[in-house]
Amino acid sequence: MSKDTSKDDLACPSAPCAPGATIIGAVGGDGKVNHFKTPMVADTEFIEIAEKHGSPEARFRFSSKCEKGACTQWTGTRCGVADMVTDFMKTPEAPQKAQILPPCVIRGTCRWYAQSGDDICLSCAYVVTDGRVAAAADNC
Ligand code: SF4
């Protein structure tokens, strides 16, 4: 497994909704993200429809190129959101991690996976971009 987090071609797994972004999952009724098995691209038609129902980032997860230093979450060497998720999941308030890796259409290029490996994937379903770490469910 590659741990080269310096690569410039990694993908942000919690990106804004924008034309060309990959839709990697949808938030279910339990507040957790259901990862897609097939990648879909957000086009202008999708975005127009999605925005009529509120914040798309509250209901879907999008992926785009990791912007590294151009992103406020970049610490200088890594993605701070991934570390925030990891730290939160160690607290007593944290929900139970998934037992098995979710399907994921971007695992090969995901910034968080490159940083933290399987462990972050087991917590990924709790991350809602508009709301960040969503601990809405009691368990997996
Ligand atoms: S953390 Fe894991 S499950 Fe989440 S987007 Fe990245 S590779 Fe996929």
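The residues of the chain are indexed from 1 along the displayed sequence. Every number for a ligand or one of its atoms is a count from 1 in the order of the listing.
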| query | Among all residues two or more places apart in sequence or in another chain, which pass the ring-ring contact (aromatic ring centres under 6.0 Å, His included) test with Phe46? | reply | Phe60
| salt bridge (charged side-chain N to carboxylate O under 4.0 Å, His left out) partners of Asp43, counting only residues at least two apart | none
| Between CD on residue Gln73 and CD on residue Glu67, distance to nearest 0.5 Å | 13.5 Å
| Polar protein atoms (N, O or S) that approach atom 2 (Fe) of ligand 1 to under 2.8 Å | Cys121 SG
| query | With side chains defined as the heavy atoms from C-beta onward, is the minimum distance between Ser64 and Pro16 less than 4.5 Å? | reply | no
| said: Heavy-atom pairs closer than 4.0 Å: do any link ligand 1 to the side chain of Arg111, the backbone, both, or neither? | reply: neither
| query | Partners of Asp83 by side-chain hydrogen bond (donor to acceptor under 3.5 Å, both in side chains), sequence neighbours excluded? | reply | Arg78
| message | Can you tell me how far apart CD1 (Ile106) and OH (Tyr113) are? Round to the nearest 0.5 Å. | response | 12.0 Å
